[in-house]
Amino acid sequence: MFDPAVIVPPALISLVTAHVAGALAPVVWPWSDRVKNWLTHGAAVAACTAGVLIGIGGLLASDPLAFSLPSTIPLLHIQLRLDPLSAFFVLIISVSGVAVSIYALGYVREFYGRHSISALGALYHGFLLSMILVVTADDGFFFLIVWEIMSLVSYLLVVTEHEKAETRYAGFFYLVMTHVGTAFIVMTYLVFYQQTGSFTFDSFRHPGEPLPDGFRTVAFVAALIGFGAKAGIVPLHVWLPYAHPAAPSHISALMSGVMIKTAIYGLIRVYFDFLGGAFPWWWGFAVLAVGAVSALLGVMYALMEHDLKSLLAYHSVENIGIILLGIGAGMIFQSYGLSHLAALGLLAALYHTMNHAMFKGLLFMGAGSLLYATHTRNMEEYGGLIRTMPWTAFFFLVGAISISALPPTNGFVSEWLTFQSLFLSFMLPDPLMKIVIPIGAAMLALTGALAVACFAKAFGISFLAMPRSPHAKHAKEVPMPMRIGMGALAAVCVALGLAPMVVIPMIDRVTSPFTGTRLAQSAVSESGWTLTPMGGEFASISTPVLMLLLTVTILVVLLGVVLIAGTLKRRFHKTWGCGITLQPRMEYTATGFAQPIRQVFSTIYRPTVKVEKEMLEESRYFAKRMRFEVHIEPTFQRYLYDPVVRAFNLLANRLRVVQAGSLHLYLAYIFLTLIALLLWVG
Amino acid sequence: MTMIQSAALVLGQAFLILAVSPFVVGLIRKVKARLQCRRGANVLQPYSDLAKLFKKGAVISSTTSWIFTATPYILFAFTLAASLLVPTFLSRVPLSFAGDVITVVSLLTVGTFFLMLAGMDAGSPFGGMGSSREAIVFSLTEPAMMLSIFAVGLTAGSTNVSTIVHNTALLQGIVTDPPPHLMALAALFIVTLAETGRVPVDNPATHLELTMIHEAMVLEYSGRYLALVEWAAAMKLLLMLTLLSNIFAPWGIAIQPDPASLAIGLGVWVAKVSALALLVGLIESMFAKLRLFRVTDLLGVAFILSLLALVFFYILRGRP
């Protein structure tokens, strides 16, 4: 029998041991880079496998499991608690962690001799362990410490290639944004602390007397900003497209797939666990609005991006938006007492959280493989890679189909659930909500369609047609460990799409303590093959049946065509280029592909086009050289961040007056402060 | 319904969709020819075209990958699967439980996604241009399609197409909330023209690079690949017309699977679809194709109409 209470403690000990050993072993012994790589990432695979066991154990356990270590520091309680919500996120982190660690075995070869594999490995372990601790911490103080460790370690990982100026800039940007976020999270916890006098989550959950409304509102807003900065909600998303591409690709896979999910964890923990179920209506509305805007703007900016990793980073903004749509809908339903629908919204959000971790991890690993093979992130220099890198291409395609929410993959199931929870808003009594939520649904629909267009671009330009540069022409398929890592997550994506009836009861254990209702009975039909969130009459899908139907139709069509028309006579020939030989330069570029969309949505992009022509002297009709440049306006940086930075610099300049560089003056400051303090105390 | 009856109905519907779809294409061409004072080809000409294409060999660009050859099969199978989820002559489709309107739209999207990839696969600028234009057209129509069907679906208390049609049919055609229905109808009609590549959005009869969208994407196809693509396009056309007629006017559709009502349902379905085909032909003859960047205005209108329909529904539902 699988008894969680017996399995989890040894698994937790092995997880910590494997992380510590994996981090230290390469540091203490001067092995070759190759051995260090295998040691450190092998240990990471072992640790994450233990993490998978902990996650499953925590989900199956009937009561939350708790662990604690003694601590002598005041206010700090080193306490871990594994309730279903924590266990769910441990599972997500660990499953991604296993695949990414296997992938890293191959990818890190890139850094042999150029960067310290020991340092990279040690930080990698620190990153994985700190994420596990963030989602299991049961004390506000301890949470903030491991949260800060996670942020700092990921910053150090982002600046791995610190010899590049752009990487240093990306790292700095990330560091600033993540600390702005942390400041707001501290504020959230202080609100609870001033009421309860303790930092333990247990006291947050059950404050002696309920928090006054004003404090609750402050906690809500601060948590939304604080965790939102980490998750990448618009307008706090600007660091993602810098930091995620700058990091080594296996780190970007973890950052974009998993780390930003810890913010989703934090939001659910604070809103549903600490602040309880009774929200004012506008909380859910605010989350929903932020989600809808993030989703739509995320995908729109992704469409204009030609750096493959930046494109994926913008898609993280989009998907965080979709997750927040689910959470927001859940909160709105909760505030009107429709707990069944609240559970559905939360279920959709958590399902999408898990799915996004899987396909975004997969896609970032795919992008990493392209970077490994071609040494460029610019899509305009790819092309034709499906022939030289068939495995990478196939896995990337699976990821692209999943993230585009096409049936029968996992992305489709969770977006379907999100749609359902939004459309069911007609049950709400408030007319304003009735108008606003369908608009959210419309934005989600538009987002979904644009995502399909974006991934048609990403896949088509990167993998199809002729190679656009020598890099792409001479690309080779990536090493086996990288293919295994991608293949594993591709398989998980397909499985999560085909088996929602297994996943939903699992997530149901997470949501039921918060909403007080169980969905598992009603959301899955009696036969177990069909999803019926509101009973079969309202809506149902069955991905296994769809898969069967599609397989049968494809087979019948293949067979039928051969039976009716016989075998096909095929001739291969060069593509007709209107009489001239087709050159890669004549192919459609990513910029060209996105041009209609840029023009149609020009009010949002505000593109600036620059064309320079150099004409022949003989005639002004024939151009000798042409240069075309198009930029879209970085709206948020220009109108939100730049003014803040300018104001900050101005203020700093003013304050410089007090910092005259004279030691006597500084001693005087100390003296005056002392007197002021004494007066205040006295 | 027993298992055997259900299986027979599914197979019957698949066969009907396959058999009737080229006829609709032929009918539209005939209407256009007559309106241009031509005699036009026989209505059954598309069948002969398909037969001929199936027999011919295919020339494949050496630049292409497996995506190019797999796409026609994927497109065909996904379009056929989508049409099995939509009621044609019987209101209750056996497979309806497997997918609702979001699924139908998404299954069609898979086909479009692969077609966009196939358009880029040969490396010819025409294909890329077609895919790029399809991306913007489809990005605006897909949400409009989903939202407009939803607006009606919520009146019927379901998002499953089959239940929508069944419940609407049982109301005996009494439209409960006229404003959202009319807006949704207008939106879905524009969507139908756009999704099936018809004037004023696209011109199925053109091979002029400045105007084509769908034809540009499939330019490199020949032989049986082209046959599959064209047949799939015909099925999609039939599917859209069926959706239009059955969601907004399900009168005459068979409620129970007994032979008499099935026969009537079948007749009524063919008649309704043919009538819509006549209308499409008429519009194709009366309007000029819009410039690409005017098309997006039209599609924007469809999107806004469908959104308004949905919002109106919510407001009207809110009345005590």
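So that the names make sense, note that chain A is the first sequence line, chain B the second, and so on, each numbered from 1.
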Engineer: How many angstroms lie between atom CD1 of I102(B) and atom CG of L417(A), to the nearest 0.5 angstrom?
Structural biologist: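 If we round to the nearest 0.5 Å, I102(B):CD1 and L417(A):CG are 9.5 Å apart.
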Engineer: Only pairs of heavy atoms separated by less than 4.5 Å count here; which of E220(B), M146(B), M129(B) has the most with chain A?
Structural biologist: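 Top option by heavy-atom pairs under 4.5 Å: M129(B).
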Engineer: Side-chain contact test, heavy atoms from C-beta onward, threshold under 4.5 Å: evaluate it for P125(B) versus L582(A) and give yes or no.
Structural biologist: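 In short, these two side chains touch, coming nearer than 4.5 Å.
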Engineer: Which heavy-atom pair separates T63(B) from A465(A) by the least distance, and what is that distance?
Structural biologist: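 Closest approach of T63(B) to A465(A): CG2-C, 4.0 Å.
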Engineer: With heavy-atom distances below 4.5 Å as the criterion, would you say the side chains of W576(A) and L219(B) are in contact?
Structural biologist: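 When only atoms from C-beta onward are counted, L219(B) and W576(A) do not touch, as no gap falls below 4.5 Å.
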Engineer: Could you label the plane-to-plane angle of the F394(A) and W66(B) rings as parallel, tilted or perpendicular, counting under 30° as parallel and over 60° as perpendicular?
Structural biologist: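 Ring orientation, 0 to 90° scale: tilted.
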Engineer: Without placing hydrogens or testing angles, list every side-chain donor-acceptor pair under 3.5 Å for residues 49-60 of chain B, not counting sequence neighbours.
Structural biologist:
residue : atom : partner : partner atom : Å
D49(B)  : OD1  : Q45(B)  : NE2          : 3.0

Engineer: At their closest point, which heavy atom of S65(B) faces which heavy atom of L464(A), and how far apart are they?
Structural biologist: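 Nearest pair, atom of S65(B) first, then L464(A): OG-CD2, 3.6 Å.
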Engineer: Tell me, for I461(A) versus chain B, whether the close heavy atoms (under 4.5 Å) come from the side chain, the backbone, both or neither.
Structural biologist: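 Contact with chain B: backbone and side chain both.
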Engineer: What is the distance from atom CE of M466(A) to atom CG of D121(B), rounded to the nearest 0.5 Å?
Structural biologist: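 Those atoms lie 10.5 Å apart.
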Engineer: Are any of the side-chain heavy atoms of F293(B) and P596(A) separated by less than 4.5 Å?
Structural biologist: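 A side-chain contact under 4.5 Å exists here.
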Engineer: Indicate the atoms forming the closest heavy-atom contact of G99(B) with I541(A), along with that distance.
Structural biologist: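 Looking at all heavy atoms of both residues, the closest pair is CA-CG2, 3.8 Å.
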Engineer: Non-hydrogen contacts under 4.5 angstrom with chain B: give the residues of residues 555-564 of chain A involved, or none if there are none.
Structural biologist: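 V557(A), L558(A), V561(A), listed by number.
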Engineer: So which of M586(A), K574(A), E587(A), R570(A) has the largest heavy-atom pair count under 4.5 angstrom toward chain B?
Structural biologist: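 Among the listed options, the one with the most contacts to chain B is R570(A).
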Engineer: Considering only heavy atoms, which portion of T567(A) lies under 4.5 Å from any heavy atom of chain B: side chain, backbone, both, or neither?
Structural biologist: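 The backbone, not the side chain.
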Engineer: Mind checking ring-ring contact (aromatic ring centres under 6.0 Å, His included) for F76(B) and listing every partner two or more places apart, or none if nothing turns up?
Structural biologist: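 If we apply the ring-ring contact (aromatic ring centres under 6.0 Å, His included) test to F76(B), skipping adjacent residues, the hits are W231(B).
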Engineer: Side chain, backbone, both or neither: which part of T530(A) has a non-hydrogen atom closer than 4.5 Å to chain B?
Structural biologist: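 Contact with chain B is through the side chain of T530(A) alone.
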Engineer: Please look at C454(A) and chain B and tell me whether the side chain, the backbone, both or neither of the residue comes under 4.5 angstrom of a heavy atom of that chain.
Structural biologist: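 For C454(A), neither part sits under 4.5 Å from chain B.
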Engineer: Could you grab the distance from atom CG of L310(B) to atom CZ of F423(A), nearest 0.5 Å is fine?
Structural biologist: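 Reported to 0.5 Å precision, the distance equals 5.5 Å.
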Engineer: Out of I597(A), L450(A), L550(A), V552(A), return the one with the most heavy atom pairs under 4.5 angstrom to chain B.
Structural biologist: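 Looking at each of I597(A), L450(A), L550(A), V552(A) in turn, L550(A) comes out on top.
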Engineer: Considering only heavy atoms, which portion of I437(A) lies under 4.5 Å from any heavy atom of chain B: side chain, backbone, both, or neither?
Structural biologist: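 The answer is neither part of I437(A).
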Engineer: Are Q599(A) and T296(B) close enough, and set up right, to give a side chain to side chain contact (heavy atoms under 4.5 Å, CB included), and what steps lead you there?
Structural biologist: CA-CA 10 Å; Q599(A) 184 162 344; T296(B) 50; over 6 Å; no
Engineer: A98(B) and L546(A): which non-hydrogen atoms are nearest, and at how many Å?
Structural biologist: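 What the structure gives for the nearest pair is O-CG, 3.6 Å.
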Engineer: Does a side-chain heavy-atom distance below 4.5 Å link S132(B) with Y588(A)?
Structural biologist: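 They are in contact (side-chain heavy atoms under 4.5 Å apart), so the answer is yes.
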Engineer: Between CG of D100(B) and CH2 of W416(A), what distance do you get to the nearest 0.5 Å?
Structural biologist: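 Between atom CG of D100(B) and atom CH2 of W416(A) there are 5.5 Å.
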Engineer: Should L117(B) and F463(A) be marked as a side chain to side chain contact (heavy atoms under 4.5 Å, CB included) after you check the CA-CA gap, both sets of side-chain angles, and the distance that decides it?
Structural biologist: CA-CA 10 Å; L117(B) 293 186; F463(A) 289 99; over 6 Å; no
Engineer: Of all of L446(A), I554(A), L531(A), which one pairs up most often with chain B through heavy atoms under 4.5 Å apart?
Structural biologist: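 Counting heavy-atom pairs under 4.5 Å, the top option is L446(A).
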Engineer: For L84(B), which atoms come within 4.5 Å of any heavy atom of chain A: side chain, backbone, both, or neither?
Structural biologist: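 Side chain of L84(B) only, per the 4.5 Å heavy-atom cut-off to chain A.
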Engineer: Tell me the side-chain hydrogen bond (donor to acceptor under 3.5 Å, both in side chains) pairs involving residues 543-562 of chain A, sequence neighbours left out?
Structural biologist: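 Non-adjacent pairs meeting side-chain hydrogen bond (donor to acceptor under 3.5 Å, both in side chains): zero.
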Engineer: Hey, could you give me the CZ/CG distance between R224(B) and L568(A), rounded to the nearest 0.5 Å?
Structural biologist: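 With rounding to 0.5 Å, CZ (R224(B)) is 4.5 Å from CG (L568(A)).
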Engineer: With a 4.5 Å heavy-atom cut-off, do F459(A) and I67(B) have their side chains touching?
Structural biologist: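 They are in side-chain contact.
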Engineer: Between OG of S222(B) and CZ of R571(A), what distance do you get to the nearest 0.5 Å?
Structural biologist: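 It is 8.5 Å, given to the nearest 0.5 Å.
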Engineer: Name the member of Q420(A), E415(A), M433(A) that forms the most heavy-atom pairs with chain B at distances under 4.5 Å.
Structural biologist: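 The residue among Q420(A), E415(A), M433(A) with the greatest pair count is Q420(A).
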Engineer: When only pairs under 4.5 Å are counted, which of A453(A), G384(A), P429(A), P438(A) shares the most heavy-atom pairs with chain B?
Structural biologist: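 Result: the option with the highest number of such pairs is P438(A).
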Engineer: Contact part of F68(B) toward chain A, heavy-atom cut-off under 4.5 Å: side chain, backbone, both or neither?
Structural biologist: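 Looking at F68(B), nothing touches chain A.
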Engineer: Checking S540(A) side chain against F97(B) main chain: does a donor-acceptor pair fall under 3.5 Å?
Structural biologist: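 Side chain of S540(A) to backbone of F97(B): a pair is present.
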Engineer: Heavy-atom distance under 4.5 Å to chain A: side chain of S162(B), backbone, both or neither?
Structural biologist: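 For S162(B), neither part sits under 4.5 Å from chain A.
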Engineer: Any non-hydrogen side-chain atom of F412(A) less than 4.5 Å from a side-chain atom of L107(B)?
Structural biologist: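 The answer is no; the side chains never approach within 4.5 Å.
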